[in-house]
Amino acid sequence: MAGRFPQRPTTAPVRVTGRTPAPLTRSHPLPPGTDLALTLGPLRRGPADPAYRAARDGSFWRASRTPEGPGTLRVTARDGTAEAHAWGEGAAWLLDRLPALLGAEDDPAAFTPRHKLLAAVHRRRPGLRLLRTGLVLEALIPSVLEQKVTTDEAYRAWRLLVRKYGEPAPGPAPDGMHVMPDARAWSLIPSWEWHRAGVDDKRAATILRACRVARRMEEAADMTPAEARKRLELIPGVGPWTSAEVVQRTHGAPDEVTTGDYHLPGIVGWALAGDRTADDAAMLDLLAPYGGQRHRAARLILLSGRIPPRRAPRMTPGNIAAL
């Protein structure tokens, strides 16, 4: 689920190759207390995500493929203001959508905690905002890679494929940052390379089907979250779990809670009712008092760190490439 894992700053050096073009810049006032790490965290796909970095100087880097081309965005918060620099063909597009990315369209005041745990986390984490990227394929492909596998397997696949078939991020981005491939490049990845990355045929086929109708997928960014989910689920292999994970990032959808998750129902059940065996139906019943804000409630529960004690060893990662 979006924002499940905390970020760790990277020590990767900034890459400077030849003469770096001057960036486009933009400033945007932040609501008091906004926490950029919490807000931008759902964009991160693992500690070595080639498209995202949290640097030790407090800046956040993002490499994206926009409708206008590849772009790199660097955001830093200073004195209640977000200072953004962008490079590449997609620089202007990224800066135009900076407020939405930083949660300007989100309304945290609409959430009313009705459980002591949520009240405590809401009080401790006032800076959480729900971002909106407006980039569907960028959220859809890594979400498909995360279907029914361990997070480590999914992150490894995303990392290997983006580094091999994407392109270096424009501008003076940290070493190793890449923009993900475009739809055509995804479609041309040989079957054995999906295999080497640990991606089974079902997930690879789902991504290829989405890439064939990439333009139609991107249109979902201008729809309501419910309409966008219906559009996404027209793709065989994209179900409620995947569509929810996508619109949480593309639309900043505060009510689109993830169902079909292996861990989330038990975490919500344990946090709110002491029930580690809760299923989707029980989770939705527990979140019903937060109608309109169920995704935010689930994010806060995950941020609380209150999870049921482990009763079994971790799931053993598969190794498709070794078959």
Side-chain angles (χ1 to χ4, degrees), residues 1-5 42-52 65 135-167 176 178-214 216-218 220 228-250 256 258-267 279-280 312-323:
M1 178 173 175
R4 175 178 295 165
F5 303 98
L43 299 177
R44 174 180 176 266
R45 305 287 186 163
D49 185 350
Y52 182 89
R65 184 167 295 281
L135 295 173
V136 176
L137 215 60
E138 177 184 271
L140 177 59
I141 290 175
S143 294
V144 172
L145 292 175
E146 292 172 9
Q147 292 176 351
K148 299 185 183 301
V149 295
T150 65
T151 52
D152 287 345
E153 291 174 272
Y155 292 160
R156 174 181 178 273
W158 170 252
R159 181 172 66 250
L160 292 177
L161 293 171
V162 171
R163 284 179 177 173
K164 186 164 187 175
Y165 294 99
E167 58 188 274
H178 283 66
V179 177
M180 79 167 197
D182 60 16
R184 175 174 170 78
W186 282 111
S187 299
L188 294 177
I189 295 177
S191 59
W192 58 87
E193 292 294 347
W194 292 103
H195 187 87
R196 287 174 178 171
V199 182
D200 59 82
D201 291 344
K202 182 177 180 179
R203 287 180 291 152
T206 299
I207 292 172
L208 295 178
R209 284 190 287 264
C211 288
R212 292 188 189 108
V213 290
R216 299 285 286 169
M217 291 294 98
E218 295 296 347
R229 293 188 67 176
K230 289 181 181 178
R231 171 69 63 88
L232 291 167
E233 290 175 20
L234 291 174
I235 301 294
V238 175
W241 184 92
T242 306
S243 66
E245 290 287 309
V246 173
V247 299
Q248 288 165 7
R249 295 170 171 86
T250 59
E256 300 299 330
T258 305
T259 57
D261 192 83
Y262 185 78
H263 299 286
L264 186 61
I267 293 173
D279 57 11
D280 280 338
R314 291 181 181 271
M315 181 184 296
T316 302
N319 187 2
I320 296 173
L323 297 177

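Heavy-atom basis, side chains included; hydrogens, waters and symmetry copies ignored. Numbers for residues simply follow the sequence, beginning at 1.
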### Message
Would you compute the distance between atom CH2 of Trp241 and atom CG of Leu264 and round it to the nearest 0.5 angstrom?
### Response
10.5 Å

### Rounded distance [0.5 Å steps], CZ in Arg209 versus CG in Leu234
12.5 Å

### Message
So does Tyr52 get a backbone contact from the side chain of Arg44, meaning a donor-acceptor N/O pair under 3.5 Å?
### Response
no

### Message
Looking at every non-hydrogen atom in both residues, tell me the closest pair between Ser187 and Cys211 and how far apart they are.
### Response
OG-CB, 3.6 Å

### Task
To the nearest 0.5 Å, tell me how far Thr242 OG1 sits from Leu140 CG.
7.5 Å

## Note on the structure
Ala220 and Ala228 have their tightest heavy-atom pair at O-CB, 3.5 Å

### Message
For the CG atom of Leu137 and the CG atom of Asp182, what is their distance to the nearest 0.5 Å?
### Response
9.5 Å

### Message
To check you understand the geometry: which heavy-atom pair defines the closest contact between Thr206 and Pro236, and what is its length?
### Response
OG1-O, 3.6 Å

### Query
Roughly how far, to the nearest 0.5 Å, is CD of Glu218 from CD of Glu138?
9.0 Å

### Query
Okay, side chain of Trp186, backbone of Pro181: is any donor-acceptor separation there less than 3.5 Å?
yes

### Query
Between Glu193 and Lys164, is there a donor-acceptor pair closer than 3.5 Å when you use the side chain of the first and the backbone of the second?
no

### Query
What are the two closest non-hydrogen atoms of Asp280 and Gly260, and how far apart are they?
OD2-N, 2.8 Å

### Task
Please check if the side chain of Glu245 supplies one atom and the backbone of Thr258 the other of a donor-acceptor pair under 3.5 Å.
no

### Task
Without swapping roles, check the side chain of Arg203 against the backbone of Val144 for a donor-acceptor pair under 3.5 Å.
no

### Message
Which heavy atom of Tyr165 sits nearest to which heavy atom of Pro190, and what is that distance?
### Response
OH-CD, 3.6 Å

### Query
Taking only residues two or more places apart in sequence or in another chain, which ones pass side chain to side chain donor-acceptor pair (under 3.5 Å) with Ser243?
Arg229, Glu233

### Task
Measure the shortest side-chain to side-chain distance between Glu146 and Arg45 over non-hydrogen atoms and say whether it is less than 4.5 angstrom.
yes

#### Entry: Asp201 atom CG: more than 12 heavy-atom contacts under 6.0 Å
no

### Query
Do any N or O atoms from the side chain of Arg231 and from the backbone of Met217 form a donor-acceptor pair under 3.5 angstrom?
no

### Query
Nearest 0.5 Å, what's the CG-CD1 distance between Leu145 and Ile207?
4.0 Å

### Query
What heavy-atom pair brings Ser143 and Val246 nearest, and what distance separates the two atoms?
OG-CG2, 4.1 Å

#### Entry: Note, Asp49 side chain near Tyr155 side chain (heavy atom, < 4.5 Å)
no

